[in-house]
Student: 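The following block contains the structure, expressed as structure tokens.
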There are 2 protein chains.
Amino acid sequence: MSTSEPTDRYHHGDLRRALVEAALELLLEGGTEALGMRELARRVGVSAAAPYRHFRDKQALIQAVAAAGFALFLEAMEAAKAGIAPEEQLSAMAEAYVQFALRYPRLYKLMFSSELGKFEDKELRRAADAAYESLAVTAAKEDPEAPGEAAISAWAFVHGLSMLLLDEQLLGVSAANAEPLVRKLARRHAQRFGKPRPA
Amino acid sequence: MSTSEPTDRYHHGDLRRALVEAALELLLEGGTEALGMRELARRVGVSAAAPYRHFRDKQALIQAVAAAGFALFLEAMEAAKAGIAPEEQLSAMAEAYVQFALRYPRLYKLMFSSELGKFEDKELRRAADAAYESLAVTAAKEDPEAPGEAAISAWAFVHGLSMLLLDEQLLGVSAANAEPLVRKLARRHAQRFGKPRPA
DNA sequence: CTCAGATGTTGACATTGATCACATGCAGCA
DNA sequence: TGCTGCATGTGATCAATGTCAACATCTGAG
């Protein structure tokens, strides 16, 4: 699936992209701990100093990975509400949200790790905000009287639920058997937070 | 406020406690990055290898810190619902929860960092579960028909909201001006998730 | 009083993030 | 075509970190 196979040319050709790709793999496999500049360089088959031509910092590299993560995430969100009846959209997105977190736990964690300085990197900020918007607009439609609160509430709900599941904080519930619970909770949330009973 | 001032005896006397205390300070000041074994040893005025007599790993030390954090946290939760009318308890706790997260952002983040292996350390696990219980029982009372779901929902809500605030993901809302919003959302949540309108 | 085990120290090793001066090769201009 | 400037990659090196093993020191149980 990799776009670039290792070459032995002096100039790699597309190092930056290759680095982000490899970093993503590394992250998915081994978590934040496994994501090191040197190991990364090794993977891509390049010297240890090379990555610094493309990223000021380890942090900068991580921010790029997170941004890529948010792009993936946004895609999943959009896909989730495509072709779904409006009144079902919110709960469908909620489910998709949690499923994403469960499928890519380490990536998800990184994306919200918060010491990655989300406000400092413009591109990252935009990617994150785009994902937020996708959910927010759907949630807002559910409660036109207080759209802002509805959006925050929905976001907080799915985010919190994801974290709890990832931490296995919910006794007896793990990623494997989470789906029914998630579905039930999503329904419950959408129902109670939906438009306050029209006449 | 420190229990132990630096002595120049060969044996420190209460290194373990001193280490956890110092680690907590270090964490609160500089975040996870600043929390290193060597720096820690330096602070306590002891050699770099000494901490390893009390903690197998850096991870073990971190787990101990997290456990201490959960104790603090539990305390705050219990204090929040003491002497409050039952129907106000849930929203009071929700507020207290978020306030804790906002007051100790880095500690809070560490406590839920999830690669600290919460399930492996028994003491840590118990501390975390105790905190969970404190909120869960209160939330469960709000909706006797589905106590489990009510508990998860409440926990997810406050946890998610805290994370969003810490990440400054909510545009225009920061720790400083978060209080009114938090209060409003807590009320809203308690109201909608409360007992489904008794007759 | 003694001496065994707990607690600290010293010195070392491998690894990491980061930076420097230097090497290389591609692009555009002659 | 051939030259050359600039982006890109290399290797050597530094300081710092987590961790360990061998040695030193203290303290309490008998």
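The chains referred to below are lettered A, B, ... by the order of the sequence lines, with proteins before strands, and numbering in each begins at 1.
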Student: Heavy-atom count around A/Arg125 CZ within 6.0 Å, excluding the residue itself: above 12?
Tutor: yes

Student: Scan B/Tyr108, B/Tyr132, B/Phe73, B/Phe100 and name whichever one has a ring pair (Phe, Tyr, Trp, His ring centres under 6.0 Å) with B/His159.
Tutor: B/Tyr108

Student: Could B/Arg42 and B/Glu39 be called an ion pair, given the rule that one side-chain N must be under 4.0 Å from one carboxylate O?
Tutor: yes

Student: Identify the two heavy atoms, one from A/Gly117 and one from A/Gln63, that lie closest to each other, and give their separation to 0.1 Å.
Tutor: O-NE2, 3.3 Å

Student: When you compare the side chain of A/Glu149 with that of A/Asp143, does any pair of heavy atoms fall below 4.5 Å?
Tutor: no

Student: Under a 4.0 Å heavy-atom cut-off, which of residues 49-63 of chain B touch DNA chain C?
Tutor: B/Ala49, B/Ala50, B/Arg53, B/His54

Student: Can you list, in residue-number order, the parts of residues 35-42 of chain B that come under 4.0 Å of DNA chain D, counting heavy atoms only?
Tutor: B/Gly36, B/Met37, B/Arg38, B/Arg42

Student: Send over the distance from A/Glu33 CD to D/dT17 P, rounded to a whole Å.
Tutor: 16 Å

Student: What residues, two or more places apart in sequence or in another chain, satisfy side-chain hydrogen bond (donor to acceptor under 3.5 Å, both in side chains) together with B/Ser91?
Tutor: none

Student: Can you give me the closest heavy-atom contact between B/Leu135 and B/Met93, atom names plus distance?
Tutor: CA-CE, 3.6 Å

Student: Atom CD of residue position A/Gln59 - does it have more than 12 heavy atoms of other residues, nucleotides or ligands inside 6.0 Å?
Tutor: yes

